[in-house]
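Notes follow once the structure below has been shown.
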Amino acid sequence: MLGSYNFSFAQEDTTQPPATDTTAAPAEEPTAEEEEPSLISPSIDFTSVQKGDNSIDLKAGMRAKVKGQFINLYKMKVSFFQVVNEEDIPLGFKITDGNGKAVFNVKGDSLKTDAEGKLNFKVVFAGNKAMESAEELVSFKRGRLEIKPVKEDSLLTVQVKLIDIGTGEETAVKETTVGVFVKRMFLPMKVGEGETDENGEATIEIPNNLPGDANGKLTLIAKVLENETYGEMEASVEEAWGVAVSDIIKKQPRALWSSNPPLWMLLTFIILMVAVWGHYIVIVYQLFRLRKEEPHATNH
Amino acid sequence: MELNSYQQQAFDYQRPNIEKFSKRNWFWIIFYLLWIVAGGYALYLQIAKGHGVTGMRDNVVWGLFIVNFIFFIGLSYAGAIIAGLLHLFKVPWAKPIVRIAQMMTIISVIVGPVFILLCVGRFDRLHHLFFYPRIQSPMTWDVMAVVTFFVGAVLFFYMAIIKDLAVYRDAKMKIPKWRQKIYTILALGYRGAASQKRHLLISQNLLALIMIPLSIIVASILSWIFGMTLRPGWHSTIFGPYFVIGALYSGCGVLIVAMWVYRRMYKLDKYFTDKHFVYLGYIMLALAAGYGYFTFSEYFTSWFGSEKWDSELIHKLFSSGEYGWWTLFANLFGILLPMLIVAIPATRKVNWIAAAAFVMVIAMWVKRYLIIVPTLETTLLPMQDTRTEYVKYAATWPEWVLTGAGLATFFLFFTLVSKYVTVVPVTGLEEAEPHFTHHPQQQPAANKEEVKPA
């Protein structure tokens, strides 16, 4: 049974195809180079988020198709550039994380727009022994999203304003869909949606029973998603509009599921361990006493 | 250390066995070591490339390693129960075989847990089991139980050989000085003084009293790793006693086989007599009946209940296209065959009983496989990715080589221990034993001098 094949007690066909690792980093593995006759062609997903604090997040996601499966490329160095008049101005670099993603934050104040009021960025992966180089461009018009919570009696609303600042003058952006989200543990949860009017404003009502943190605070986020002109935009504000929910369980009950075991279980465990180990100690003590005994007076 | 005539005779007879290694001993030791080296290479592959080199996957997370762990640790528990009972009840005929039961206890408890370590993917988190234990978890119970049992097994074996170590110390044997020194240290100054005898006996009785219930508890705890889990074939109220009797049964089989091997290897016919084989055969028969009863109850209630998951598992176990032949083998050769061989007077012979015990031990190993793998292959939720290797378990060659290395270690220890302590306990034999008759033709020519107090 000791062959290159697998053995199973089951009678069905159990031959295993070679296992594939969906989180491997081919660039770092020497075996990837041996197994792949040609260089791997990575692709970069490049997006931007214009934030409320006037900064911009440049997001790059790297992946490649290896052995028919897409894998995220982690620990890859990606460089970010601003493109002005066909000239690449280096901004910095980042290393992709375990999901193959890298986020570079750039302050918006120092950036110059082109004649159309647009910003152009480029992300570049230089390539390595196993992989080809890759680059991607993103272009968007400069804009700003403002968020303001308004409480009228028991009615909770969020006023959102979308302004174009690409040309240096502030111009309202109308007929654009804006979503309102609240920050949750994993991903923001959408609680409302509206469309900007002629003044670039939208008023969106939000529920008044949302669970907040221990002090009832909610993080409200206004988002413009996948806009052709402005890309992605967001702005956030904190407001104590939520229902206070403490995430600290002060005292867990004694139960199987909690970190506090049932008392009877704890006592049984302690009694058993003390009984057995207590015996061991007595026995070892008795063994040590053997040495001290008189060597004469045998019974034989 | 003074011996009576029967003890002296037993020591003189076995003395050459512990004084030197024969060519055959060396052959087997090298053979076992080669297996262990091969196992080392398989382990290196497993560490270097990860658990992907095994057949274990997300669904079937346990395979050969856990089967081996349960098998070996069961032998250990069985050895402790058998040796403890024989000691406490002072069964006269069983005195020569107690040492083998004790050897089985300690060797198995060393080999068994190694297979658990082979299953652990994150060695760097191993200490969490001790630093952050969760009292509600059967895994925690098992870790504590195995550690506690290991200490008890070491003490149990050591106390049982102290008197013999004193004999080896006082006999001027042709052995290296370092061995003589080790015998002297380990004998703890035992000279057979009345007070020493009393203290040692009290300690042995105390430990035997603890080891028997402890073995039953830890065997049950082992079963609860499965029994406490809501899986078909595992979540059963009878799993505790089922595992206890299963361990005792396979332990009895290994005891018979070990006795047969030592009897042939060291010509110990006058100590491991036909009577011992027959008596242990009777015990094996009784345990086979008990184990068969539990097995039938387990299968019958699952089948009769017709619960979906249970039915699926029962179908797997009895379908000739899946595990049917192995189920048949496990029950036919693991239960019925040993019963028949011991029950029929014509086959109630040493070689027949030893052969039945040998086949039964293999069948009991297969039975452990059938407890673990088919259940894990019976998924509670539909699997989206139904690639064969995700649903079915197939052991890979590194797993088989590591299993072989574990077995080789088991046999290596049995060989080595028998070269450092006598297989038949010298001081355990008493003058009144009727079957320890002297056979002058089997007496070795050398080593006739008597053991005198130093």
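The structure displayed is predicted, hence computed values, not measured ones.
Closest approach of A:L287 and B:M159 over heavy atoms only: CD2-CG, 3.8 Å. Closest non-hydrogen pair, B:S203 versus A:Q286, comes out as OG-CB, 3.0 Å.
A distance of 9.0 Å separates CG of A:L256 from CE of B:M228, quoted to the nearest 0.5 Å. Note that CG of A:N260 is 11.5 Å distant from CD1 of B:I135, once rounded to the nearest 0.5 Å. With values rounded to the nearest 0.5 angstrom, A:I283 atom CD1 is found 14.0 Å from B:H199 atom NE2. A distance of 9.5 Å separates CZ in A:R254 from CD in B:Q136, rounded to the nearest 0.5 Å. How far OG1 of B:T148 is from NE2 of A:H279: 13.5 Å, rounded to the nearest 0.5 Å. For the atom pair B:L206 CG and A:Y280 OH, the distance stands at 11.0 Å (nearest 0.5 Å).
Residue-environment remark: OH (A:Y285) stays at or below the threshold of 12 foreign heavy atoms within 6.0 Å. Few gaps surround OH on B:Y158; more than 12 heavy atoms of other groups in view lie less than 6.0 Å from it. Heavy atoms of other residues, nucleotides or ligands lying less than 6.0 angstrom from NZ of B:K316 number more than 12.
Proximity to chain A (any heavy atom under 4.5 Å) is shown, for B:L188, by both the backbone and the side chain. Heavy-atom distances place both the backbone and the side chain of B:L207 under 4.5 Å from chain A. Heavy-atom distances place the side chain of B:I217, and not its backbone, under 4.5 Å from chain A.
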Quiz item: Yes or no on side chain to side chain contact (heavy atoms under 4.5 Å, CB included) for A:V276 and B:F149, after CA distance, side-chain angles and deciding distance?
Solution: CA-CA 9 Å; A:V276 177; B:F149 182 83; over 6 Å; no
